2 protein chains.
Amino acid sequence: MGVIEKLSGAPALAQEAPLDLALDRILKGDCIEVMRALPAASVDLIFADPPYNLQLGGDLNRPDGSHVDAVTDEWDKFETLGHYDRFTRAWLTEARRILKPNGAIWVIGSYHNIFKVGAAIQDLGYWILNDIVWRKANPMPNFKGTRFTNAHETLIWASMGEKSRYTFNYRSMKTLNDELQMRSDWEFPICGGQERLKKDGVKVHPTQKPEALIYRILLACSKPGDVILDPFFGTGTTGAVAKRLGRHWIGIEREDSYIAAAEERIAAALPLDESALTTMQSPKAAPKVAFGTLVETGYLKPGAVLTDAKRRWRATVRADGSLLSDCGQAGSIHKLGSTLQGAPACNGWTFWQHEAEGKLQPIDTIRQTYLLATQP
Amino acid sequence: MGVIEKLSGAPALAQEAPLDLALDRILKGDCIEVMRALPAASVDLIFADPPYNLQLGGDLNRPDGSHVDAVTDEWDKFETLGHYDRFTRAWLTEARRILKPNGAIWVIGSYHNIFKVGAAIQDLGYWILNDIVWRKANPMPNFKGTRFTNAHETLIWASMGEKSRYTFNYRSMKTLNDELQMRSDWEFPICGGQERLKKDGVKVHPTQKPEALIYRILLACSKPGDVILDPFFGTGTTGAVAKRLGRHWIGIEREDSYIAAAEERIAAALPLDESALTTMQSPKAAPKVAFGTLVETGYLKPGAVLTDAKRRWRATVRADGSLLSDCGQAGSIHKLGSTLQGAPACNGWTFWQHEAEGKLQPIDTIRQTYLLATQP
DNA sequence: TCACCCCTTGAATCTAAGG
DNA sequence: GCCTTAGATTCAAGGGGTG
């Protein structure tokens with residue numbers, strides 16, 4: 001493994017003699033220029049994690065006053081949305097040239113950029129096969145309470161065209177998912193802990209992706225021995241996973257610090273034995289149902305009256321799933337329960353009762369009914 | 001409630017005398033033409049469920065041989081992706097004209113169209129606030145085993161611009177979600193059972209959306225009395241939910257069969273009564289109480305001693321509601337808190353504590369007492 | 001060793017009102 | 001427009017220390 005320098009200033013024409021396809025290497029340079037130098041129709045799969053073009057305002061602090069370490073790197077800055085658009089179409093065009101006719105591409109992004117990416121993918125003649133949602137188990141909250149917690153990112157999977165015969169290992173995915181078809185929503189934790197690359201206690205890359213995410217993609221959409229290209233290689237997650245899964249890889253990256261980290265990491269990566277496959281799976285989340293869901297879905301109507309088991313307190317259900325007690329206090333089922341009792345905490349599911357078939361039943365029974373109706 | 005016919009062939013210029021804003025009505029006609037006739041800056045919120053441009057191939061059968069009833073309606077057919085693009089930009093442009101400056105728009109779609117929609121939204125100057133994933137609890141499986149199960153749809157929430165002051169009922173959403181911030185991934189079952197409109201056993205509309213989904217959107221992003229417009233009204237889910245939640249609504253729809261079903265449905269919908277509609281308010285919306293007021297009204301006496309929770313700092317309340325710390329610094333409760341901690345900001349209401357019943361309590365509890373005593 | 005508590009951190013377009 | 005001030009605002013994981 002080594003770094004091949006793309007000579008800066010070299011004419012970056014498609015006509016120039018292409019580099020031989022150097023496998024399992026990091027190519028240093030701008031991804032568009034480097035791709036131009038690669039032979040056409042030579043790559044089986046592309047995984048791309050391009051800059052998101054976040055447009056952050058000033059500093060952001062958590063409620064406790066601590067500072068949020070945001071993505072402020074130069075590589076994420078674009079003058080205008082138009083510039084980002086042209087950049088996106090340029091690299092997607094080169095990607096299309098070097099993909100084999102039956103190849104495919106994956107791109108990850110957030111709402112800042114994914115619509116531009118998706119529109120470009122369609123305009124350039126790719127054929128979208130799925131969009132996939134990565135649900136983050138532990139996203140960063142919205143500290144100011146101004147929007148919904150940004151708890152997911154989106155991936156687009158596209159083939160070279162409507163008739164292209166892409167690779168999809170249906171059986172592997174079904175096995176990986178306890179014999180149920182793999183859905184388009186995947187849950188993984190964000191990259192942290194031992195997996196997160198750090199130098200002197202500081203994260204090496206601001207947006208390192210979890211290996212589990214790439215693992216599932218390569219397992220689903222490539223075969224052993226295939227060539228996987230990552231034009232925004234960063235710290236080499238794609239390379240490490242490809243090596244583990246017995247795929248060839250090519251990485252393109254501009255920054256020396258990322259390249260150094262990626263080389264060390266990939267050198268240390270060992271091909272996985274089968275047993276590791278099971279550890280890559282995210283634990284099945286126990287289905288959680290919020291009280292408000294029962295209101296939204298009509299299992300309990302706003303205006304319904306609840307009491308405690310001894311009928312000491314009464315409360316009315318409101319449209320947002322809060323309760324209003326007869327004495328004028330309001331809150332969630334748990335909060336109001338604890339307030340009324342003067343207790344530090346209260347499980348509203350068992351505390352609050354509703355009348356059904358002539359007797360009081362905890363509202364948890366409604367939740368059970370809902371779960372029975374909606375869970376497979 | 002009634003249908004107002006948009007005369008076909010009438011000149012659809014923005015200059016023509018706009019219709020008065022007829023509330024709680026279905027306007028019959030092409031959504032672009034009808035919107036052109038509506039007054040500018042007159043609508044608080046738009047919910048739009050446009051055609052998805054599905055581009056289905058031949059018939060699809062389940063493994064057992066039964067036939068899948070797909071979306072084959074005329075309204076979902078567009079000659080090319082370019083035609084769909086122009087259609088999308090046209091209706092989004094009119095939507096933008098009739099939205100109030102602090103209004104907002106929601107659009108739902110799938111990977112077939114949502115990237116085109118999102119790109120157009122950004123190009124037209126809207127400001128995306130979140131993308132939301134509707135995870136279907138019970139999606140249709142991928143019968144051929146060729147891709148991942150398409151188990152979600154995507155919604156885009158956007159304001160009129162970066163500086164626009166959109167409505168977001170943060171507190172209601174948090175209450176609805178058991179006291180956790182509402183995330184960007186929502187799980188609901190698809191529309192079926194009693195809720196699914198049928199005529200002679202056949203579904204009236206191929207893509208009827210669940211009321212729970214619209215319920216959450218309207219609860220989060222509108223206020224009682226607001227005007228909600230749905231330019232692709234279909235069988236009137238938006239109208240039914242708006243009526244229930246005490247919002248005004250306007251629907252635009254071309255097809256008589258959908259209009260008839262929507263009218264019947266909305267007539268049968270029951271509005272929630274006032275008390276159920278009252279929702280948890282953010283402190284932002286609650287009347288503000290200055291710290292000085294508590295001093296003026298005697299809830300806290302000048303000379304009283306406050307400390308932080310860990311008793312690292314002490315300060316004395318002065319007659320004008322400022323604090324004087326032991327080290328001689330003075331300022332408002334917020335300013336002194338941030339100065340002492342060297343923090344960029346500090347909420348004095350929770351930082352400063354007073355001793356009551358033998359233990360420390362934040363001075364915010366005094367404010368709550370004051371509010372309970374003085375608010376009607 | 002384990003349970004428990006505390007601290008840190010993560011792709012974030014992150015305030016509102018008044019002068 | 002800008003500037004200032006009041007005051008509202010966080011969830012799940014992982015790691016380290018302690019009992």
Side-chain angles (χ1 to χ4, degrees), chain A residues 49-73 75-78 81 84 108-114 134 136-154 187-196 198 201-203 205-210 232 234 283 285, chain B residues 122 126-131 157-159 161-163 165-166 168 170-171 174 177-184 281-286 288-293 321 331-335 337-338 345-352 363-364 367:
Chain A
D49 180 12
Y52 287 9
N53 190 29
L54 300 184
Q55 296 164 57
L56 306 178
D59 278 5
L60 178 64
N61 294 314
R62 299 186 180 80
D64 66 6
S66 65
H67 184 253
V68 175
D69 185 17
V71 180
T72 53
D73 307 70
W75 50 252
D76 197 44
K77 296 203 192 313
F78 293 82
L81 198 56
Y84 186 78
I108 183 168
S110 66
Y111 68 85
H112 309 85
N113 71 323
I114 199 67
W134 167 28
K136 302 183 184 185
N138 47 347
M140 192 190 300
N142 180 295
F143 297 115
K144 304 292 186 190
T146 55
R147 305 180 181 190
F148 298 98
T149 304
N150 213 342
H152 74 276
E153 294 190 19
T154 302
E187 179 173 322
F188 295 108
I190 58 177
C191 183
Q194 295 299 318
E195 189 185 329
R196 187 90 195 198
K198 300 204 173 183
V202 179
K203 59 187 176 191
H205 195 287
T207 70
Q208 187 183 336
K209 296 293 177 289
F232 306 95
Chain B
Q122 290 184 304
Y126 292 98
W127 190 250
I128 298 182
L129 298 165
N130 276 120
D131 61 334
W157 173 35
S159 69
E162 186 174 356
K163 302 295 181 192
R165 301 222 213 132
Y166 55 90
F168 181 54
Y170 175 75
R171 214 29 261 184
K174 190 164 174 176
N177 196 37
D178 274 359
E179 293 301 311
L180 287 180
Q181 282 192 341
M182 188 69 81
R183 299 169 37 120
S184 57
Q281 293 294 309
S282 287
K284 277 176 202 170
K288 283 185 184 165
V289 178
F291 181 69
T293 305
S332 72
I333 55 172
H334 314 293
K335 195 121 205 198
S338 66
C346 167
N347 182 345
W349 290 108
T350 51
F351 177 76
W352 292 108
I363 55 177
D364 193 44
R367 179 167 60 164

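The analysis underlying the following values was restricted to heavy atoms, covering all of them including side chains, and did not include hydrogens, waters or symmetry mates. Just so we're clear, the structure is a prediction, and the values are computed from it rather than from any experiment. Proteins get letters first, then strands, A, B, ... in listed order; numbering begins at 1 in each.
Paired regions of DNA chain D, where each region holds three or more successive Watson-Crick or G-U pairs whose two hydrogen-bonding distances fall under 3.5 Å, are C:2-10 with D:11-19, C:15-19 with D:2-6.
Spacing between atom OH of B/Tyr170 and atom P of C/dT15 amounts to 13 Å, rounded to whole angstrom units. Distance NE2 (A/His112) to P (C/dT13): 4 Å, rounded to an integer number of Å. Computed from coordinates, the A/Leu56 CG to C/dC14 C1' distance equals 10 Å when rounded to whole Å. Rounded to an integer number of Å, the gap from CD of A/Gln208 to P of C/dA11 is 9 Å. A/Glu195 has its CD atom 13 Å from the C1' atom of D/dA13, to the nearest Å. Taking atom CZ of residue A/Arg147 and atom C1' of nucleotide C/dT15, one finds them 12 Å apart after rounding to whole Å.
Not a single donor-acceptor pair under 3.5 Å links the side chain of A/Tyr111 to the backbone N or O of A/Asn150. The main-chain N or O of A/Asn142 is found under 3.5 Å from a side-chain atom of B/Gln181 such that the two form a donor-acceptor pair. No donor-acceptor pair under 3.5 Å is formed between the side chain of B/Arg183 and the backbone N or O of A/Phe148. A donor-acceptor pair under 3.5 Å is absent between the side-chain atoms of B/Arg367 and the main chain of B/Ala290, judged by distance alone. At distances below 3.5 Å, not a single donor-acceptor pair connects side-chain atoms of B/Asn130 with backbone N or O atoms of B/Ser184.
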> Taking it one step at a time, do B/His334 and B/Ser332 satisfy side-chain hydrogen bond (donor to acceptor under 3.5 Å, both in side chains)?
Replying inline: CA-CA 5 Å; B/His334 314 293; B/Ser332 72; 5.5 Å; no
> Does the pair B/Phe291 and B/Trp352 meet the rule for a ring-ring contact (aromatic ring centres under 6.0 Å, His included), with working shown?
Replying inline: CA-CA 12 Å; B/Phe291 181 69; B/Trp352 292 108; 9.4 Å; no
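Glycosidic conformation, D/dT5: anti, with the torsion outside 90° of 0.
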Would you tabulate the nitrogen or oxygen pairs shorter than 3.5 Å linking the protein to nucleotides 8-10 of chain C?
from, atom 1, to, atom 2, distance (Å)
C/dG10, OP2, A/Lys203, NZ, 2.9
C/dG10, O5', A/Lys203, NZ, 3.3
C/dG10, N7, A/Arg62, NH2, 2.6
C/dG10, O6, A/Arg62, NE, 3.0
C/dG10, N2, A/Asn138, O, 3.4
C/dG10, N2, A/Pro139, O, 3.0

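Under the 4.5 Å side-chain criterion, counting only non-hydrogen atoms from C-beta, A/Glu153 is in contact with A/Lys136. Looking only at side-chain heavy atoms (C-beta outward), A/Thr146 and B/Leu129 stay at 4.5 Å or farther from each other.
Map A/Leu54 and B/Arg165 each onto its nearest nucleotide of DNA chain C; the residue landing nearer the 5' end is A/Leu54. Between B/Ser332 and B/Asn347, the residue anchored closer to the 5' end of DNA chain D is B/Ser332, taking for each the nucleotide with the nearest heavy atom.
Residue A/Gln194 has its side chain nearest to D/dG15 when only D/dT10, D/dG15, C/dA12 are considered. In the set D/dG7, C/dT15, C/dT13, the nucleotide with an atom closest to the side chain of B/Trp349 is D/dG7.
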